[in-house]
Every structure is written in C-alpha cells, then in structure tokens.
Amino acid sequence: MPEVLRPASAQMAGEEIKIRHLFYIIPHFFLRNQNIRRIFAERICRKNLQKGGWRIKGHPENIGDQIMTDTKMNERRLPVGIQSFEVIRKDGYLYVDKTDMIWRLANRGKKYNYLSRPRRFGKSILVDTLQAYFEGKKELFEGLKIMQMEKDWTCYPVIRLDMSCGGATPEELNSYLDDAFYKYEQKYEVAVRPEASLAVRFQNIIETMFQKTGKQAVILIDEYDSPLQHSWKTPQHDACTAIYKSVFAVLKKEDEHERFVFITGITKFTQISLFSVLNNLSNISFDAPYATICGISKQEVAENFIPEIEAMGEENGWTPEETLKQLTAFYDGYHFCSDNMVDIFNPFSLINALEDRKLRNYWASSGATSLLPKFVDDMEMKMEYFDHCFIEGDTLETSDVVNGGAELFLYQSGYLTIKGYDDGVYILGFPNFEVRKALYRVVVPALTMKSNSEVVSAQSFLRKMMQDGNTAEAKKALKALIADVPYSNKKMASMDMEERYRLIMSTIFRALGFRVEVERMLATGRIDMIVEVPSFIYVLELKLSNNGGISAAENQMKEKSYTEPFKADKRKVIALAVELDETGKGLIDWKEVEESL
C-alpha cells in the first residue's frame, strides 16, 4: 500500500484493496515516476474523500473544500483551437505550464534561436507566450512557474510575423509583409518613403522602435517556412526565396538593436538568409532542456488532465488504464532529443480527443498530409522501410530539407520520430497509431491505382465486414480493391508475385486501422499475415493458383497449427486460406479453414 494513503475509519478498510488494485492497472510508464504516482494517489484519495472516507497525509482536514466537484469538472475548459496565451489565461482555459522553459530560453544569452516542430504542435502558443512575456504582461503569468524566476518584467517592443499567412506566391508573400510592416509603421510613426523596399522598411521599423522606446526589439517569426513549403516545386519558389533573402538579411544587420530573435518552422531551407546569414543561429530543436517545450509529456498529462481522462473513460466504458493506453497508442510516442527521450503527446490530437471523448485522426484530418507528394516519391513502396529507417545525425540535425532526403522531411513534419540513437546514427519510425494509419490511408490510392473516392468507398465496406466477421462480403470488397494491381503497377516489377500481394493487402488493412503482422515465424512454420480487429483475429495463408491455391493453403494451416498461438485470446480466430492469381490479376477466392481452435 503506498505510504501516502490511510483509511479514515475501520469501515473503509475494504476500500484499501480497491486502491491497491487500481495502482496495478495504471500503466507502468506512469507509475515508474514518483511524482506521477503521487498525483494518481492524491486524485484517487480525493475522490474517496468526497464520500467521507479517505484522507491524505500532509493535507488539512478541510481538504474537501479543495476537491474538484462534478460541477467544477464541467467548468474546466480545454483550449481547443486557441493559440492566444492571453485568451487562455483571461478566460480560464486549462494551460500546461511551460513558462520555466520559456524564461530560460529568453534569458540564456543566445540572441538568435530556431525551433523546428511538426505542425499543430504548439509552436504558435509558444510564440504568443513569448510575446506576452517580452511585452511585460505580468498579470497573465500569475501563479505560473515564471513568477519565481522573473523579477524585472521589462517591456520590449515586439515584431511578430506569422508566415503561415504569407501564401504560396511572391505576390501573396509581398502583400502579407507589406500589411504587417504597415501596422508597425503606424504604431511607431515610422516615416516611409514611397520607393522603400520591404527590407528597408523592416530595417527602419527596428531602428525606430529602439529610438522611441530605448529598448532593443524582440522579433518573433512563426512558421517561417510556410510560403517556401507551399511554393516548393512550383515556378513561384525562387521568387519567394528571393524575398526571404532580401527581407531577413536585415536581422543580422540590425544586431545591435535586437534583444531576442525567435524563429519557428517545420522544415529547414538553408539557402535563405535566415540560415545562411545568421551563422550564429542557435538551433534548440534537439536540445535536451527544450525537448518538451512543445507538445505534452506524460508527466504533464498526469498533472493536468486526469479529470478529462476519467470522463473520457466513463463515456466509453473504459477503465483508467484502458483510457490511458488508448490515448498513448493513438497520440503519444514523439521524441525530439536522443539525450532526453521523454515521450511526447501530439497536443492538438490529445486536447481534441479529451474534449470530444473520442479517438479520431485529428492531426491528419487537419491537413497534415497535404505536402507529402512534394517531398516524398513512391512512398507507397517504402512504408515498411520508413517504420525502421536510419539517418546520419548530421543530416537530421543540420541539413536542408531539399537535400536531406525523404527521411528528413518525414521527421521534421512529424510523420517519423526518433526511436533510438547509436554511434552518430538516428533510428526513426512512426510515432503512434494516428500517424501510421494516416500515412497508410494516403498511399492506398497510389498503390491500388484507383481514385480516392473509389478507395474510400471500398475500404469503408471492407472495414465493416471484417469487424463483423463477414468474410464472404469482405472478400468482395478486397477483390475490388486489388483487382489487376499486382500486374498493372509497374513499380512492383522487381518483386515476386506473392510479395506484391502481401504488400498490397497489408497496406490496405493498415489503412483501415487494423493491427497487421506480416510473416510471423513459429516453430512449425511462417504465417503469411495476421490481421487483428476488435472482435476477431484473422490468420491468412496466401498461395498462388499455380502453387496449389486454396487447397495447399488450407493443408499448410492445419499441418502447422497456425491458429495455435491465439487460443488464449478472447477474440474469435478466423483462419483464411487465400488463393491469388499467379499473373497478378487479383484475389481469386478464400475459404475459412475449420480447425480445433
């Protein structure tokens, strides 16, 4: 029994067993941390105290006054879609306190700083918090960690540029910068000559800020690479790059008038002035102290979201353990530093899931996969490779996305994450279920050579039939999806025919969100494919028509007892002997194999 707990009366002694058992069902990755263990203990005790039973050592007798009632739970507000620090603080939204890291970043003596994180990962709220800090808005930080660190609260003039508003053409980029600079010129009464270029106007704004306030300027550039990403591989890209080179070369020239420059982005384009001119730019993207500056760690989940996790579990009929496991599998798993491999949740997906109390592909549905075709060729053929690939440390940490290869783009964009590091080489893989499913959904149309609408319709039907255990109807849907594909898709020409079928079928099943294992080795043989759905486990043996077809597959499954490893599972096991056309025309038939299961 954890030492912090004790029954308040003999009548509550029976509850002690329940508390102890609950500690066993909380995932080990939460309980191995003493602080997280304490948070869970106090949360459990406080809920029981509402019933008059439990007390917590070290807390006053009137702790019930501090307990969150159901009414207060309903008043908790999650900041879904809110990127304004001021709105979050003034309107009482939940805020995960990272202000200690923000203070250290702002006061470590490095003037030029760059942070790369995937989209929807909290970069904009980080920039907004920095702006509030440098503008001296002390009242917004009451009760946060920074209050123990900052004593002066000096107000600096701030220039903030949100380059995600910069479009994808030079005309749109010029228009955005012109409008942004005009607002600062009006605010600080900057004299503007009609013929002045954007670079000159930027320079004049910085200098005028210093002259009128006596303070150096703080410059915050959010999503700097957005116009460059969206114009990549278009005739507009070179013109957009030229604007960047001209305007942002000012940053180095105005060094004496700048207090702090912070740049965020996803991908890195080193040919523009942000990187080629600012040779003293500090890239904190891989620094251990800032590994969790964006995103939400497991520790922060335990400190901030236990009521929402409990509510989500209650609505879905899950225990606390099951809810945490589901959220972890779907949205956790990011790592941004080999020296600090703390697990990070995607904040956009986690907050939305807790708000809706549903597990959905929030990140992917927000447009996260739209740029993949520009940076990754033939992705449908490389999915298994990407899930365990290698990249040189120097390439990952310093290279331009244009020259760094597909692995670099996929990492920077959040499709891959760091899984390990060995002797100067990073090991990358998919971070979680949400990303894996999203990527497989993206590649299915290219692999099957069908339109997205055709694929979506057939996949929806296939998912429903397999979840229901209706193998006859599932076969029809799968036939439609893979008809002629092994023969027609020339990208698979170097693969043998059965290998082509395994790739196509496993990709389709993974895109449906099923757990798929290919070629599992047993003592008796090798299972071609295992597909797991909530109520069923499908064991598939594939045979070409000229290699015995269904009959050979059925005999092999029986002789080698392929269903034996799944006897302990509560789900029904369905063994399928699958016959495939040897010329690549598709699925011919399959048959349920009756075994003693």
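Residues: numbered from 1 along the sequence shown.
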Is the charged tip of Arg201 near the ring of Phe181: under 6.0 Å from the six-membered ring centre and within 45° of its axis? no
Residues Asp222 and Ser124: closest non-hydrogen pair is OD2-OG, 2.6 Å
Take Leu220 and Leu161, measure what side chain to side chain contact (heavy atoms under 4.5 Å, CB included) needs, and give me the verdict at the end. CA-CA 6 Å; Leu220 307 174; Leu161 301 174; over 6 Å; no
For Pro170 versus Ala239, what's the shortest heavy-atom pair and its separation? CG-CB, 3.7 Å
Which pair of heavy atoms, one from Thr169 and one from Cys240, lies closest together, and at what distance? C-SG, 3.6 Å
Are any side-chain N or O atoms of Thr417 and backbone N or O atoms of His335, one a donor and one an acceptor, separated by less than 3.5 Å? yes
Tested for side chain to side chain contact (heavy atoms under 4.5 Å, CB included) against Phe262, the lone hit among Ile219, Ile221, Leu126 is Leu126
So which atom in Arg119 and which in Trp363 form the shortest heavy-atom distance, rounded to 0.1 Å? O-NE1, 3.0 Å
Between atom CG of Asn489 and atom CE of Met495, what is the distance when rounded to the nearest 0.5 Å? 9.5 Å
Check: Asp97 side chain, Thr99 main-chain N or O, donor-acceptor pair, under 3.5 Å: yes
Is Ile344 close to Val342 at the side-chain level, that is, under 4.5 Å between some pair of heavy atoms? yes
Looking at side-chain heavy atoms only, is the closest gap between Lys111 and Asp255 below 4.5 Å? yes
Kindly determine whether Ile159 and Ile205 satisfy side chain to side chain contact (heavy atoms under 4.5 Å, CB included), including the steps that lead there. CA-CA 9 Å; Ile159 298 173; Ile205 291 169; 3.7 Å; yes
Is a donor on one side and an acceptor on the other found under 3.5 Å between the side chain of Ser349 and the backbone of Asn346? no
Side chains of Thr267 and Gln229: is there a donor and an acceptor less than 3.5 Å apart? yes
Can you tell me how far CD of Glu254 sits from CG of Asn204, rounded to the nearest 0.5 angstrom? 8.5 Å
Check: Glu139 side chain, Phe141 main-chain N or O, donor-acceptor pair, under 3.5 Å: no
Side chains of Phe330 and Arg360, heavy atoms from C-beta outward: is any pair under 4.5 Å? no
How about Val127 and Gln83: do any of their side-chain heavy atoms sit closer than 4.5 Å? no
With a sphere of 6.0 Å drawn around NZ of Lys138, does it hold more than 12 non-hydrogen atoms of other residues, nucleotides or ligands? no
Is any side-chain heavy atom of Ile206 closer than 4.5 Å to one of Gln216? no
Are Ile351 and Leu78 close enough, and set up right, to give a side chain to side chain contact (heavy atoms under 4.5 Å, CB included), and what steps lead you there? CA-CA 7 Å; Ile351 296 296; Leu78 295 176; 4.1 Å; yes
Which word best sums up how the rings of Tyr244 and Tyr224 line up, parallel for under 30°, tilted for 30 to 60°, or perpendicular for over 60°? perpendicular
Minimum heavy-atom distance Arg108-Ile284, with the two atoms named: NH2-CG2, 3.1 Å
Does the ring center of Phe386 lie less than 6.0 Å from the ring center of His388? no
Identify the two heavy atoms, one from Leu359 and one from Leu327, that lie closest to each other, and give their separation to 0.1 Å. CD2-CD2, 4.0 Å
Is the side chain of Lys123 donor-acceptor paired with the backbone N or O of Ile263 at a distance under 3.5 Å, no angle test? no
Could you tell me whether Arg160 and Glu135 have a side-chain N and a carboxylate O separated by less than 4.0 Å? no
Donor-acceptor contact below 3.5 Å, side chain Tyr176 vs main chain Asp162: yes
Residues which pass side chain to side chain donor-acceptor pair (under 3.5 Å) with Asn361, listed by chain and number, not counting sequence neighbours: none
Which word best sums up how the rings of Phe248 and Phe202 line up, parallel for under 30°, tilted for 30 to 60°, or perpendicular for over 60°? perpendicular
Do Arg77 and Asp91 sit within salt-bridge range, that is, some charged N less than 4.0 Å from a carboxylate O? no
Report yes or no: is the cationic atom of Arg117 (NZ for Lys, CZ for Arg) closer than 6.0 Å to the six-membered ring centre of Phe336, at no more than 45° off its axis? yes
Applying side chain to side chain donor-acceptor pair (under 3.5 Å), run through Tyr112 and Glu258 and close with a yes or a no. CA-CA 9 Å; Tyr112 300 104; Glu258 294 162 352; 2.8 Å; yes
Strictly distance-based, threshold 3.5 Å: is any side-chain N or O of Lys98 a donor or acceptor partner for the main-chain N or O of Thr292? yes
Using the rule given for salt bridge (Lys or Arg N to Asp or Glu O under 4.0 Å), can you reason through Glu355 versus Arg76, listing the C-alpha separation, both sets of side-chain angles and the distance that settles it, and then say yes or no? CA-CA 10 Å; Glu355 174 72 14; Arg76 284 168 63 91; over 6 Å; no
Carboxylate-amine/guanidinium contact Lys298 Asp343, below 4.0 Å: yes
So how far is it from Ile427 CD1 to Cys389 SG, rounded to the nearest 0.5 Å? 10.0 Å
Below 4.0 angstrom, N of the basic side chain to O of the carboxylate: do Glu86 and Lys137 qualify? yes
Derivation of the salt bridge (Lys or Arg N to Asp or Glu O under 4.0 Å) call for Asp378 and Lys382: CA-CA 7 Å; Asp378 300 332; Lys382 305 172 183 176; 5.3 Å; no
Can a donor-acceptor pair be found between the side chains of Ser285 and Asn283 at a distance below 3.5 Å? yes
Is the gap between the ring centers of Phe134 and Phe260 under 6.0 Å? yes
Any side-chain heavy-atom pair of Glu300 and Phe345 under 4.5 Å: no
Once you round to the nearest 0.5 Å, how far does NE2 of His230 lie from OG of Ser164? 9.0 Å
Flag side-chain contact, heavy atom, 4.5 Å: Leu396 against Leu408: yes
Are side-chain N/O atoms of Tyr362 and Asp356 paired as donor and acceptor at under 3.5 Å? yes
My understanding is that only one of Tyr93, Tyr133, Tyr95 makes a ring pair (Phe, Tyr, Trp, His ring centres under 6.0 Å) with Phe85; could you say which? Tyr95
Pairs flagged by salt bridge (charged side-chain N to carboxylate O under 4.0 Å, His left out) wherever residues 206-215 is involved - sequence neighbours left out: Glu189-Lys212
Quick check: do Tyr426 and Ser338 have side-chain heavy atoms less than 4.5 Å from each other? yes
Is there a donor-acceptor pair closer than 3.5 Å between any side-chain N or O of Glu454 and the backbone N or O of Ser451? yes
Has Glu223 got a side-chain atom pairing as donor or acceptor with Ser226's backbone, closer than 3.5 angstrom? no
I want to know whether Phe433 and Tyr331 have ring centres closer than 6.0 Å. no
Mark yes or no for whether Arg259, through its side chain, and Ala217, through its backbone, hold a donor-acceptor pair below 3.5 Å. no
In Å and rounded to the nearest 0.5 Å, what is the CG to CD distance from Asp178 to Glu171? 13.5 Å
Considering only residues two or more places apart or on different chains, which pairs with a residue in residues 429-442 satisfy salt bridge (charged side-chain N to carboxylate O under 4.0 Å, His left out)? Asp387-Arg436
